[in-house]
Amino acid sequence: MTTLMTLALLLAGPVEPTAAPLQGYASAYAPGVFETTVAYRHANAVWRVDPPYDWYTVAGYVAVNDCRRVGERATLVDPGGRSWPVLVADCAGNDGTPGWMAANNIVVELDARLWGVLTATHARPLRVELRP
């Protein structure tokens, strides 16, 4: 029986690790930056992960430290517990951003519109959770 179970697991293929939920604070991109980034990524097929077919239905765009996640759909949870579907559209670059994010417990950067909606309701600093 052990041989059959092992064979079944091997045939199923590798199991991709799931990113753990991230908890910390959000910051924001300037207005229009994410929209330009998403348009560029679509025009040039520059995604780490193919975005889901319904990528355009998300509530907003986010950037994270882990560039392997660019293209994923994730769930942002605001301080009140409301869930917002988001597209991981960008990641930290080589300009010192990863260190700045880590030092300030910034787990996600939001597009300007979503930032405005959430900070109008929950103020700043904006504590959030990002779930895979």
Original post:
Stepwise, does the side-chain contact (heavy atoms from CB on, under 4.5 Å) test hold for Thr57 with Arg73?
Top reply: CA-CA 10 Å; Thr57 64; Arg73 183 181 178 125; 3.4 Å; yes
Original post:
Between Arg127 and Asp78, is a salt bridge (charged side-chain N to carboxylate O under 4.0 Å, His left out) present by the stated rule, with each step listed?
Top reply: CA-CA 7 Å; Arg127 186 153 184 80; Asp78 70 24; over 6 Å; no
Original post:
Can Leu130 and Thr75 be said to form a side-chain contact (heavy atoms from CB on, under 4.5 Å), step by step?
Top reply: CA-CA 6 Å; Leu130 185 69; Thr75 302; over 6 Å; no
Original post:
What do the steps show when you test Val38 against Tyr61 for side-chain contact (heavy atoms from CB on, under 4.5 Å), and what is the final call?
Top reply: CA-CA 9 Å; Val38 169; Tyr61 305 119; 3.7 Å; yes
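Between atom CG of residue Leu114 and atom CD of residue Glu109 there is a gap of 13.0 Å, rounded to the nearest 0.5 Å. With values rounded to the nearest 0.5 angstrom, Gln23 atom CD is found 4.5 Å from Glu129 atom CD. Between the CG atom of Asn65 and the CG atom of Leu22 there is a distance of 9.0 Å, given to the nearest 0.5 Å. In this structure, CH2 on Trp47 lies 14.0 Å from CZ on Arg69, to the nearest 0.5 angstrom.
The two residues Pro52 and Gly71 make their nearest non-hydrogen contact at CD-O, 3.5 Å. Residue Phe34 comes nearest to Val62 through the heavy atom pair CZ-C, 3.3 Å, listed as atom of the first residue, atom of the second, then distance. Smallest separation of non-hydrogen atoms from His122 and Gly80: CE1-N, 3.5 Å.
At distances below 3.5 Å, not a single donor-acceptor pair connects side-chain atoms of Thr121 with backbone N or O atoms of Leu118. Asn44 contributes no side-chain N or O that, together with a main-chain N or O of Val46, makes up a donor-acceptor pair within less than 3.5 Å.
More than 12 heavy atoms of other shown residues, nucleotides or ligands fall within 6.0 angstrom of atom CG in Asp54.
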Side-chain donor-acceptor pairs of residues 85-101 under 3.5 Å, sequence neighbours excluded:
from, atom 1, to, atom 2, distance (Å)
Asp90, OD1, Arg41, NH2, 3.1
Asp90, OD2, Tyr29, OH, 2.9
Asp95, OD1, Thr97, N, 3.2
Asp95, OD1, Thr97, OG1, 2.5
Asp95, OD2, Thr97, OG1, 3.4

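The shortest side-chain heavy-atom distance between Val77 and Val128 does not fall under the 4.5 Å cut-off. Residues Arg124 and Trp115 meet the side-chain proximity criterion, which asks for heavy atoms closer than 4.5 Å.
Remark: Trp55 engages His42 in a ring pair (Phe, Tyr, Trp, His ring centres under 6.0 Å) (not counting sequence neighbours).
Hydrophobic clustering, with ILVMFWY side chains joined whenever heavy atoms are under 4.5 angstrom apart, keeps Val33 apart from Ile106. In the hydrophobic cluster analysis, where Ile, Leu, Val, Met, Phe, Trp and Tyr join through side-chain heavy atoms closer than 4.5 angstrom, Tyr56 is grouped apart from Tyr53. Using a 4.5 Å cut-off between side-chain heavy atoms of Ile, Leu, Val, Met, Phe, Trp and Tyr, with links allowed through other members, Leu110 and Val117 fall into the same hydrophobic cluster.
Both tests pass for Arg82 against the ring of Trp84: distance under 6.0 Å to the centre and angle within 45° of the axis.
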